2 protein chains.
Amino acid sequence: MKKADCKISDAEWIVMKVLWEEAPLTSAKIVEAVGSNKNWSPKTIHSLISRLVKKGALGVNKETPLYEYYPLVDKRDCILDETRSFIHKVYDGSIHLMLANFIKEEKISEKEIEELERLLNKKNNK
Amino acid sequence: MKKADCKISDAEWIVMKVLWEEAPLTSAKIVEAVGSNKNWSPKTIHSLISRLVKKGALGVNKETPLYEYYPLVDKRDCILDETRSFIHKVYDGSIHLMLANFIKEEKISEKEIEELERLLNKKNNK
DNA sequence: TAAATTGGATTACACTTGTAGGACGGTGGG
DNA sequence: CCCACCGTCCTACAAGTGTAATCCAATTTA
């Protein structure tokens, strides 16, 4: 699981999330898992899988009769990357600005607020 | 200032941020403002400006000898859009998951933590 | 005033992305 | 045993992006 430069596009993320949830999977399984929330032709999903393999984000086990695919990049790393580039683009890199804006703009339930407060507290005491 | 579908690319965001900061500006001014943090040819910046005009994200005042450009889309709306699509891609739309992850992963100073707590509090009491 | 620079419009060009389709060979059902 | 369908690999193709260059007219500069 390398960090690598995982440049994963929007559509590809959907496939990756499936594999991060459960792996290895055959392409049929992936198609099935994705199918529920996206209306793509299986061909499209195959394309995405191939691209991800070529990019080095997915690995393939060719021993099995039907190839099995599994992630080669770490989900956490990809999330961090994606997050950083988002924050950089929109907030000029200011995490603080971003969090503040979020808390202000988005509707969060009271329970969630309490949990976030708890998290902040834990962080503060560390 | 319409909300419109502001599909602004990474590079274009840099230009928009300049104009949201101060407008209207001539292209020379924009080039100058961008120049400091990006190493683009002025030509590149002109291209971006034109695209933004074509997209309807920027307006032009052609009365002045040198055209003056200004935003037609609201910054806040664009941020919200961008944010939503980020959260949807990475966190399946869960704002809460996202905030929690942030607080966990990123290094935030103690002062910032306190301010965030203050914000959360205000939100909670509202 | 002639030359050099700049601004705006148009064009360029390779790469990525979304979204498949076609060819070919293996597998499963009748 | 033969055919239809699925998985793989390759190809396609238009739109969007990053990153300019060209052409022409206006403007600044020597």
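Keep in mind it's a predicted model, so treat the numbers as computed, not measured. Residue numbering restarts at 1 for every chain, and letters A, B, ... go by the order of the sequence lines.
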Donor-acceptor pair (no angle test) under 3.5 Å: B/R51 side chain, D/dT19 base: yes
Can you check the [X] [atom1] to [N] [atom2] distance for me, whole Å?
X: B/K89; N: C/dG18; atom1: NZ; atom2: C1'; answer: 13 Å
X: A/I8; N: C/dT17; atom1: CD1; atom2: C1'; answer: 14 Å
X: B/K7; N: C/dT17; atom1: NZ; atom2: P; answer: 13 Å
X: A/I14; N: C/dT17; atom1: CD1; atom2: P; answer: 14 Å
X: A/I30; N: D/dG7; atom1: CD1; atom2: P; answer: 11 Å
X: A/L52; N: C/dG18; atom1: CG; atom2: P; answer: 10 Å
X: A/L48; N: C/dT17; atom1: CG; atom2: C1'; answer: 9 Å
X: A/E32; N: D/dG7; atom1: CD; atom2: P; answer: 11 Å

Within the structure, does a side-chain N or O atom of B/S27 lie under 4.0 Å from either OP1 or OP2 of C/dG8?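 Yes, because at least one side-chain N or O of B/S27 sits under 4.0 Å from OP1 or OP2 of C/dG8.
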Answer yes or no: does a side-chain N or O of B/Y69 lie under 4.0 Å from OP1 or OP2 of C/dG8? yes
List the steps and the verdict of salt bridge (Lys or Arg N to Asp or Glu O under 4.0 Å) for B/E22 and B/K29. CA-CA 10 Å; B/E22 184 185 355; B/K29 290 293 193 171; over 6 Å; no
Name the residue closer to the 5' end of DNA chain D, choosing between B/P65 and A/S50 according to the nucleotide with the nearest heavy atom.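 Between the two, 5'-proximity favours A/S50.
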Can you say whether the rings of B/F86 and B/Y91 are parallel (under 30°), tilted (30 to 60°) or perpendicular (over 60°)? perpendicular
Kindly state which residues belonging to residues 39-47 of chain A come within less than 4.0 angstrom of DNA chain D, counting heavy atoms of the residue only, listed by number.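 Contacting residues: A/K43, A/H46.
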Nearest listed nucleotide, side chain of [X], among [options]:
X: A/K62; options: D/dC9, C/dA9, C/dG7; value: D/dC9
X: A/K55; options: D/dG18, C/dT17, C/dG8; value: C/dT17
X: A/A28; options: C/dG8, D/dT8, D/dG7; value: D/dG7

Looking only at heavy atoms, what is the nearest atom pair of B/V73 and B/C78, with distance?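 Closest heavy-atom pair between B/V73 and B/C78: CG2-SG, 3.8 Å.
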Going by heavy atoms in the side chains, are A/E117 and A/E114 under 4.5 Å from each other?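 A/E117 reaches A/E114 side chain to side chain.
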B/D81 versus B/K7: any side-chain heavy-atom pair under 4.5 Å? no
Over the length of the helix from C/dT1-D/dA30 to C/dG30-D/dC1, how much do the five-pair end axes diverge, rounded to 10 degrees?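 What I find for the helix from C/dT1-D/dA30 to C/dG30-D/dC1 is an axis angle of 10°.
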Who passes side-chain contact (heavy atoms from CB on, under 4.5 Å) against B/D10, sequence neighbours left out? A/K89
Quick one: CD1 on B/I103 to CG on B/L116, what's the gap to the nearest 0.5 Å? 7.0 Å
Drop me the distance from A/I14's CD1 to A/I30's CD1, to the nearest 0.5 angstrom.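 Between A/I14 CD1 and A/I30 CD1, I get 13.0 Å after rounding to 0.5 Å.
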Under a 4.5 Å side-chain heavy-atom rule over Ile, Leu, Val, Met, Phe, Trp and Tyr, are A/I113 and B/F102 clustered together?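 In one cluster with A/I113: B/F102, yes.
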Among A/K17, A/K55, A/R51, find the one that has a side-chain hydrogen bond (donor to acceptor under 3.5 Å, both in side chains) with A/E12.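 With A/E12 as partner, side-chain hydrogen bond (donor to acceptor under 3.5 Å, both in side chains) holds for just one option, A/K55.
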